[in-house]
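Worksheet: the structure to be examined is printed underneath.
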Amino acid sequence: MPGVPMLRLWVWPFLALLMALLGPSQLGRTATPPRIVAVGDLHGDRAVWLAIARAAGIIDSKGKWAGGNTIFVQLGDVADRGPDTRQIVEHLKRLQKEAAHRGGQVVALVGNHEAMNMTDDLRYVDPGEFEAFVTGSSKQVRERVYSANRPAIDAAYRASNPQLSSEVIKALWFQATPLGKIEHQIAWKPTGEIGRWVVSNPAVTKIGDTLFVHGGISAAYSTMPLGEINRRVAEALKAQDRRPEAIINDPRGPLWYRGLVTREPLDETTATSAANPAAPLLTIDQEIGLVLNAYGVKRIVVGHTPSLKGIVSIFGGKLWRTDSGNSRAYGGVPSYLEISGDRVVAHPVPRP
């Protein structure tokens with residue numbers, strides 16, 4: 001038929017553009033790639049990250065994308081406990097661009113430690129994280145910030161000890177504000193170099209028959225479309241929302257929930273249905289089944305809850321735990337998960 005070749009020439013570029021714009025969470029099963037690689041929490045350990053990525057074949061010896069059309073998913077918690085977060089983030093950002101040009105994709109999920117850094121909860125920040133932001137002008141930056149905020153700083157310290165002199169307060173504040181900390185906090189703001197990237201990443205994504213999320217999807221959130229979960233997480237991150245009930249802080253929310261893994265007495269689990277909060281608690285198996293049915297998937301892949309002996313699955317492969325203690329801060333078994341169709345294999349990697 002006349003015009004058919006021209007139609008084909010127009011349609012295929014359009015479909016390619018559509019796939020790039022929608023991404024795996026929107027395309028679902030129709031975009032199932034030949035290979036998915038997933039890696040759990042990295043917690044500031046660049047050496048182990050590079051070892052895992054090379055073993056999985058997604059980067060070459062120079063650290064460039066070598067995964068072809070593989071979709072790589074990092075399950076969140078790149079940050080904290082180790083000194084190399086900034087380097088890993090910069091590498092992931094670069095791989096996102098390189099993979100897109102080679103038919104692959106890099107999906108970096110938001111973990112609870114990314115949210116903590118963005119809301120100024122720095123309890124688990126390694127000192128090396130601040131050092132990574134030190135420049136030749138860091139001393140002047142710290143001095144300027146102190147001078148501009150001196151009345152408020154003095155008032156804050158004297159609220160607990162009215163006898164403190166200004167000189168002692170300055171010394172205490174400098175001790176609590178090591179060089180690079182101010183630049184680190186600026187970078188993690190919603191408008192900062194790392195904060196913008198975190199806000200742009202999803203908290204949960206569906207690729208083919210698999211749902212990926214850092215903590216887990218509780219029954220309370222299982223009626224919410226994935227796009228709405230991601231929208232709410234992004235909005236909470238932009239607002240640096242510190243309220244306990246905010247989705248990025250909620251113990252039942254996607255960044256913190258452990259109820260698909262454990263029901264220990266003091267764990268942050270409230271496995272009830274959003275439609276009927278007064279209903280009896282679901283068993284883990286029941287809640288996993290509820291989530292699988294809600295999103296039309298065969299399996300859920302999570303990080304967050306460590307399994308230091310390696311990646312494990314429960315309930316016949318319905319749930320896979322990828323936080324194998326990759327970081328040397330945990331000393332677990334470095335690992336990655338490989339999914340090809342219905343074949344799911346956990347691969348241990350020698351610690352560098």
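Note that the structure is predicted; figures quoted are calculated from it, not measured. All heavy atoms count here, side chains included; hydrogens, waters and symmetry mates do not.
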Problem - Donor-acceptor under 3.5 Å (T283 side chain, Q286 main chain) - result: yes
Problem - D285 backbone acceptor or donor facing K318 side chain under 3.5 Å - result: no
Fill in the blank from the handout: Distance col, row D126:CG vs D80:CG, nearest 0.5 angstrom, shows 9.0 Å
Exercise for the section: For the residue pair W49 and F72, categorise the inter-ring angle as parallel (less than 30°), tilted (30 to 60°) or perpendicular (more than 60°). Expected result: tilted
Handout entry: CA sep, side-chain torsions, deciding dist, call: V125, H184, side-chain contact (heavy atoms from CB on, under 4.5 Å)
Key = CA-CA 10 Å; V125 175; H184 172 276; 4.3 Å; yes
Problem - Validation row: S138, E183 side chains within 4.5 angstrom (heavy atoms) - result: yes
Practice task
Kindly indicate, with the supporting measurements, whether the criterion salt bridge (charged side-chain N to carboxylate O under 4.0 Å, His left out) is fulfilled by D342 and K298.
Solution key: CA-CA 9 Å; D342 286 329; K298 294 180 179 179; 3.1 Å; yes
Exercise for the section: Kindly determine whether N326 and D45 satisfy side-chain contact (heavy atoms from CB on, under 4.5 Å), including the steps that lead there. Expected result: CA-CA 8 Å; N326 290 316; D45 192 333; over 6 Å; no
Exercise for the section: Could you tell me the separation between the NE2 atom of H113 and the NE2 atom of H304, rounded to the nearest 0.5 Å? Expected result: 7.5 Å
Problem - Cluster link F315 to V302, ILVMFWY, side chain under 4.5 Å - result: yes
Exercise for the section: Tell me, yes or no, whether the heavy-atom count around Q175 atom CD, taken from other residues, nucleotides or ligands under 6.0 Å, exceeds 12. Expected result: no
Handout entry: Minimum-distance pair of heavy atoms, taken over all atoms of V110 and E114
Key = C-OE1, 4.0 Å
Handout entry: Minimum heavy-atom distance S335-P348, with the two atoms named
Key = OG-CA, 4.0 Å
Exercise for the section: Measure the spacing between CE of M224 and OG of S218 and express it to the nearest 0.5 Å. Expected result: 9.0 Å
Exercise for the section: Inspect the contact between K62 and D60 and indicate whether a charged nitrogen and a carboxylate oxygen are less than 4.0 angstrom apart. Expected result: no
Practice task
Tell me, with the steps shown, if W320 and T210 meet side-chain contact (heavy atoms from CB on, under 4.5 Å).
Solution key: CA-CA 10 Å; W320 288 82; T210 307; over 6 Å; no
Problem - I194 side, atom CD1; F133 side, atom CZ - distance, nearest 0.5 Å - result: 4.0 Å
Handout entry: Close side-chain approach of Q74 to I88, heavy-atom, < 4.5 Å
Key = no
Completion exercise
Checking V312, I288, L292, V291 against L319 for side chain to side chain contact (heavy atoms under 4.5 Å, CB included), the one that qualifies is I288
Handout entry: Heavy-atom side-chain proximity of T70 to W65 below 4.5 angstrom
Key = yes
Practice task
May I ask you to check whether over 12 heavy atoms, not counting those of R46, lie within 6.0 Å of atom CZ?
Solution key: no
Handout entry: Ion pair check, D120 and R242, cut-off under 4.0 Å
Key = yes
Exercise for the section: Would you mind reporting whether R54 and V349 have side-chain heavy atoms less than 4.5 Å apart? Expected result: no
Exercise for the section: Evaluate the side-chain proximity of R299 to I339: yes if any heavy-atom separation is below 4.5 Å, no if none is. Expected result: yes
Practice task
Spell out, as yes or no, whether a donor-acceptor pair under 3.5 Å connects the side chain of N161 to the backbone of Y157.
Solution key: no
Problem - ring pair (Phe, Tyr, Trp, His ring centres under 6.0 Å) between Y221 and W256, worked out - result: CA-CA 12 Å; Y221 280 83; W256 286 94; over 10 Å; no
Problem - Flag, side chain of S137 to backbone of Q140, donor-acceptor distance under 3.5 Å - result: no
Practice task
May I ask you to test the Q240-W188 pair for a side-chain heavy-atom distance under 4.5 Å?
Solution key: no
Fill in the blank from the handout: Residues Y330 and H43: closest non-hydrogen pair is CE1-CD2, 3.7 Å
Exercise for the section: Could you pull out the closest heavy-atom pair between L164 and R158, with the gap in Å? Expected result: O-NE, 2.9 Å
Fill in the blank from the handout: Residues I229 and I247: closest non-hydrogen pair is O-CD1, 4.0 Å
Exercise for the section: Report yes or no: does K93 contribute a side-chain atom to a donor-acceptor pair with the main-chain N or O of W197 at less than 3.5 Å? Expected result: no
Exercise for the section: Walk me through it: do E167 and K170 pass the test salt bridge (charged side-chain N to carboxylate O under 4.0 Å, His left out)? Expected result: CA-CA 5 Å; E167 291 74 18; K170 181 176 182 179; over 6 Å; no
Exercise for the section: For A234 and V199, work out which heavy atoms get closest and say how close. Expected result: CB-O, 3.9 Å
Problem - Polar side-chain atom of S147 near backbone of R144 as donor-acceptor pair, under 3.5 Å - result: no
Exercise for the section: Can you measure from CG (L282) to CD (E287) and round to the nearest 0.5 angstrom? Expected result: 5.5 Å
Exercise for the section: State the CZ-NZ distance between R94 and K64, to the nearest 0.5 angstrom. Expected result: 8.0 Å
Handout entry: Side-chain (N230) to main-chain (V204) donor-acceptor, under 3.5 angstrom
Key = yes
Handout entry: salt bridge (charged side-chain N to carboxylate O under 4.0 Å, His left out) between E235 and R232, worked out
Key = CA-CA 5 Å; E235 289 302 314; R232 292 193 185 189; over 6 Å; no
